[in-house]
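Some notes on the structure that comes next.
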Amino acid sequence: MSSATIVIIEDEPKLAKLVKISLESEGYTAFTAPDGRSGLELIEDKSPDLVILDILLPGDMNGFEVARAIRGFSDVPIIILSSRISEADKLMGFQAGADDYVTKPFSCPELNARVKALLHRASLSASARASSKFVLGDLEIDFSRRRVFRAGSEISLTQTEYSVLQYLAQNAGKVLLHEEILGRVWGPEYRDEYQYLRNYISNLRRKIEPDQSKPRYILSKPGIGYYMPDS
Ligand code: CA
């Protein structure tokens, strides 16, 4: 039995109720919202441990947009429910920040198993991140809180900028190929989008480097990749 709290954003009342009852029978606390906007409010209100999110929702936000909005303020694991499950949709969902997919129609035991697995993964990565910090000169990255500081002042990064920086920091001392960074942060389909990466690196440098013309934290190996020094 688990005491995790789960928010379900699903507009079909019968399905929402069925999922809620099934999760509650596993010991979870579950809340439902019938559209994206009220779902976001519920997430801010309840700070759930996991979100189950339908893609086709009434109102002005579909599930992809809701997932992106959630990622603006939370790392909560997201399972997307979808009946249309093309590879393109999957990619779009993962880019929007979803962690897993369940295809409609699904059985409640199947969904419960995915919920359990994802909560388990999330707790493992939370404990791996806890108390881990990266310090290089004036730059400090607090992985557990996903926050970045330079000389003690917090630097505001987007989710993607943070992901690039985190990947470089966790591999400090090692040159990461352009393709590796693109594949890791954006997904395998993006391995050739060098310009994408250049833009993000230049934004990151503008934010974290004291002197952009002489980068200290994010260094280039022209034509190969980027790296952060390890001391
Ligand atoms: Ca729906």
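Since the model is a prediction, treat every value here as computed from it, not as a measurement. One-based numbering, in listed order, for ligands and for the atoms of each.
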Give a yes or no on whether a salt bridge exists between [X] and [Y], defined as a side-chain N under 4.0 angstrom from a carboxylate O.
X: Arg184; Y: Glu180; value: no
X: Lys104; Y: Asp54; value: yes
X: Asp99; Y: Arg71; value: yes

>> Under 3.0 Å from the Ca ion (ligand 1), is there any N, O or S atom belonging to Leu56?
In response: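 So Leu56 does bind the Ca ion (ligand 1) by this criterion.
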>> Looking at the Ca ion (ligand 1), is there an N, O or S atom belonging to Asp11 that lies under 3.0 Å away from it?
In response: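 Short answer: yes, at least one N, O or S atom is under the cut-off.
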>> Minimum heavy-atom separation for Ile155 and Lys207, please, with both atom names.
In response: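 Nearest heavy atoms, Ile155 then Lys207: CD1-O, 3.7 Å.
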>> If I consider every N, O or S atom in Asp54, which one ends up closest to the Ca ion (ligand 1)? I only need its name.
In response: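 Nearest to the Ca ion (ligand 1) within Asp54's N, O and S set: OD2.
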